Amino acid sequence: MTQLRRFAASWHPLSSVTYSTLLFLLLWTSFQRFIAGQEDPNRCRALLTDGTWSPAVDNRHDAQRWEPNGCRMVEYSTDAVQDCLGGRKFVLAGDSTIRQIFWAAARKLDPKLAAAELKEIVAADEKHRDHSFNAKGVRLEFIWDPWLNSTLLQHTLQTFDAVPSTSREATLAKREEESPALLVLGSPGLWAARYGGEDYMTLFKDGIDTVSTYLSSASQAITTRSSSLSSLPKINQGHSSAPNHILLTPVQVAAYDALSKKRTETITPERIDEMNEYLSLLPENQTSHVVWAFNRMTEASDRSSDSDGLHVEDNIADRKIDIVLNSHCNNPALLHDRSFKGTCCIEQSTNYLFNIALIILCAVMLFTPRAQSMAKFIRPELLTAARDILVTLAWCWICDGTLQFSKVERHYHQGAFIVICLFWLAGSFSVLHTIVGSAGEAPWVIKNFKMEVASNNEEHKFLSRDQTDEIKGLMQGIVLLYHFNYASQTLWVYKVVRVLISMYFFLSAYGHTLYLLRTRDYSFKRVAVVLFRINALSALLPFMMGTNYSSYYFAPAITFYYVVIYIMLRTLKENNDDPWPLAMKVLVTGGFTSMCITTPGFLEMGTDILRSVFRMSFDVHELRFRLALDRYIVFVGVIVASLVHTATLSDAQEVFTTKGSPRLFDSGRARFWVICSSGLALFLFFTQSGLSSKQSYNAAHPYISWIPILAFVTLRNLYTPAQEKFLAIPAALGRISLETYILQYHIWLGGDATAKLTLGGLENAPLPLFLIEKALITTLFIGMSALTHRATRTFTASLSELGFLAFLAALWIGNLIYT
């Protein structure tokens, strides 16, 4: 009965709100995915049918991105095209508009070779003939056939088969080798309109009828293949097991104002519209192969057409070939790399049981939270913690590992970003709490940590626990909005956020140092507790999401600097209360750490050991970049912590007033206010006006980030009334800042924090529905972060040295199996 009461008490409104929101979003997205979305389950129609251009770029020569409605398209690199089509044949047939796509594909493979061959062809005036291009093991072929009636095209169509050779009988291997992996046909509309006279429609229909039967047979073969468990490409066979595809382009809508006088007499809007209308009325198994998005591209852009009015600019042709490649290559690319960002034309097995199980779990947690019977050998709070972590991991997979949520590109709008940041700051100041001797306690904080928190506040209020949580929360709110609004592309915002992140490292180093100096707790258990609390979530997510530990760089970076600080303070620990020996240790450790980070070889050796022991993969270049940016500010945090510790020793109490404010401030508050305010202003002026690139700012940042951080910390503690208050909302966010930073990758944003999540069914919705959608996603994101924080604290409170070693062993075994 006692256990049952403890479990019931653990059911906090936080859990109710979080699981209610989770249940609603799960039901909504399941309905959209498995019922309403069955018309386009793989998001191929979304890719081929419609889309919009990304917001205009400043430079006319900078290419805009094409963004399909309802899925996410990727721009294929040379290596990606080689992986997809290596050893295969890609055939395009049609008029000069298709030839332009052919050369766009050639530029994907080898830009220099494509430019050289095109120059030779233009010089020889041999444009209207067949062409071939071989590069990177890919064969590109262009068949000059504006009427779609040539013998070569007929032979190509007869050899085309949607089923790849790996699933055919050996007797058909020779024939299959001739089948293109990808076949793009251009509708004969422009030539029919230009040269067909009054029979233009008959000639157009004849050309379409020639290829329509092949479109139908391709659809039937793919449908039959998709109905079996063998429909997905095999991981060990790569792209070679992916189905072959055939696509038909619509009649290109010309830029009529730019056409020559002779062309305007025959290529008229009425004729083009009539032919495209005929295409739209074809049977469904044929129209599904029509790339209507090609015309949407030119309609939605005011700078798409070339000077002749028929052809498009090269950047438009490049996006057209990306659509074609996404339709064919995305599915096997995802199987090859789980971190693949594309979501168009992705065929995933439907796992109804997983969704049903999660729905039932949410319903049970919501409607029968007090009716659970707990086994006597397990503590209820541990079971609750395990449940919350497992549900969070499952939700990460649903949001970012499946097609249940749509993912759309992020765009930066400076006005909207500034306004929403101002709203966040205004909301943060709306709730003030008073420090009463121990840190303000959020509902998800475990009681076992109350003494630890209180020990940081009982003697002074300078950078109290509530203050550090408040600052972390203010910072984290801006960082989340920064990522959500794609503000990293704007230099002035990047510089500000870079300082905020350094503030987090400063506060982390300050907190760990102050704890070690005051408690002198250098035990292995303390190290185990800290490392588990920082790394548990980042260590578990890669198993679920197919990422790697270093993807969530906050955890490895904070871990690295914690270990450095621990070793520094543990060495000759008896001298830590003496400022000068401690200062010497800080200088030596800081210099040695900076050398290890910036000098090639040291990080490589450490990551090689981790890779050998735990099978953990690291991007050493990225890790070096991240660590180098904050390699000095952590030691500034150590120095500040040591000064505060020295000032609170029994023989130095006179440094502080009875209210915890340094007497140094009492003697010259106005002077400190002027110095710190001027320092902040000058820092912002010189960094915003003088460092004109990310590279130049990143080079200077490690040496100057301490200026705004120390200025802000001083101003925050300059007046006693300000020390006694803290902002409750950002303080609550600050307590879960690590969890929010990690989980934003998958349940607030998608594609490893590179896209926005949408629920589906609300595309082009009015602003109120858009705000409701984002409010629901954000509520669940914050709730799950809080529950995960609470769960991690629960496990940490029960963690022993043996338990930590068992956790490491489990990770080691898991990585051995997983890799």
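The model shown is predicted, which means the values in this text are computed figures rather than measured ones.
Ring pair F405/W395: centre-to-centre distance below 6.0 Å. Proximity of the aromatic rings of F804 and F532 is defined here by a centroid distance below 6.0 angstrom, and this criterion is not met.
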**Message:** Under the criterion side-chain contact (heavy atoms from CB on, under 4.5 Å), I'd like the reasoning laid out for M784 against I747: C-alpha separation, chi angles, the key distance, then a yes or no.
**Reply:** CA-CA 9 Å; M784 283 197 157; I747 64 175; 4.0 Å; yes
**Request:** Show your reasoning for whether side-chain contact (heavy atoms from CB on, under 4.5 Å) applies to K472 and L733.
**Result:** CA-CA 8 Å; K472 287 180 181 179; L733 180 60; over 6 Å; no
Enumerate donor-acceptor pairs with a distance under 3.5 Å from any side-chain N or O in residues 500-509 to protein atoms, sequence neighbours excluded.
from : atom 1 : to   : atom 2 : distance (Å)
S502 : OG     : R498 : O      : 3.2
S502 : OG     : D630 : OD1    : 2.4
S502 : OG     : H701 : NE2    : 2.6

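With C329, the cysteine C84 has an SG gap short of 2.5 Å. The SG atoms of C345 and C71 do not lie less than 2.5 Å from each other.
Contact record, C396 with L541: SG-CD2, 3.8 Å, taken as the closest heavy-atom pair. Taking each heavy atom of S15 and R387 in turn, the nearest pair found is OG-NH2, 4.3 Å. G401 and M545 get closest at one heavy-atom pair: N-CE, 3.9 Å. Minimum interatomic distance between Y562 and V527 (heavy atoms only, all atoms of both residues): OH-CA, 3.9 Å. Counting all heavy atoms, side chain and backbone alike, P556 lies closest to S550 at CG-CA, 4.2 Å. Closest approach of A528 to L799, counting heavy atoms only: O-CD2, 3.7 Å.
With respect to V17, the side-chain contact (heavy atoms from CB on, under 4.5 Å) criterion is satisfied by exactly one of I782, L780, L22, T779: T779.
Of the possible donor and acceptor atoms, one in the side chain of Y566 sits under 3.5 Å from a partner among the backbone N and O of Y522. Remark: the backbone N or O of L759 is paired with a side-chain donor or acceptor of E773 at under 3.5 angstrom. In terms of modelled atom types and a separation under 3.5 Å, the side chain of H746 and the main chain of W397 share no donor-acceptor contact. Proximity of a side-chain donor or acceptor of R631 to a complementary backbone N or O of A628 within less than 3.5 Å is detected. Looking only at distances, no side-chain donor or acceptor of D322 sits under 3.5 Å from a matching main-chain atom of M73. For S20 (side chain) and S16 (main-chain N/O), a donor-acceptor pair under 3.5 Å exists by modelled atom type.
Between R72 and T754, the side chains place a donor N or O and an acceptor N or O closer than 3.5 Å (distance only, hydrogens not considered). In this structure, a donor-acceptor pair under 3.5 Å is present between the side chains of T392 and T788. Side-chain atoms of Q489 and H411 include no donor-acceptor pair closer than 3.5 Å. No donor-acceptor contact under 3.5 angstrom links the side chains of S538 and N535, judged on distance only. Side-chain contact annotation: Q404 with S30, donor-acceptor N/O pair under 3.5 Å present. Defined by atom type and a distance below 3.5 Å, a donor-acceptor pair is missing between the side-chain atoms of D619 and Y553. The closest side-chain donor-acceptor pair between D752 and Y552, if any, does not fall under 3.5 angstrom.
Between E604 and R624, at least one side-chain N (NZ, or NE/NH1/NH2) sits under 4.0 Å from a carboxylate O, which counts as a salt bridge. Between R526 and D521, none of the side-chain N atoms (NZ, or NE/NH1/NH2) sits under 4.0 Å from a carboxylate O, so this pair counts as no salt bridge. Under 4.0 Å is where a charged nitrogen must lie from a carboxylate oxygen, and between R65 and E75 no such pair does.
A cation-pi arrangement is present between K756 and F484 under the rule of less than 6.0 angstrom and at most 45 degrees off the ring axis.
The OH atom of Y549 lies 11.5 Å from the CG atom of L540; values are rounded to the nearest 0.5 Å. Interatomic distance, K774 NZ to T758 OG1, rounded to the nearest 0.5 Å: 6.0 Å. Atoms CD1 and CD1, on I534 and I558 in that order, are 6.5 Å from each other to the nearest 0.5 Å.
Residues meeting the salt bridge (Lys or Arg N to Asp or Glu O under 4.0 Å) test with D608, sequence neighbours left out: R611.
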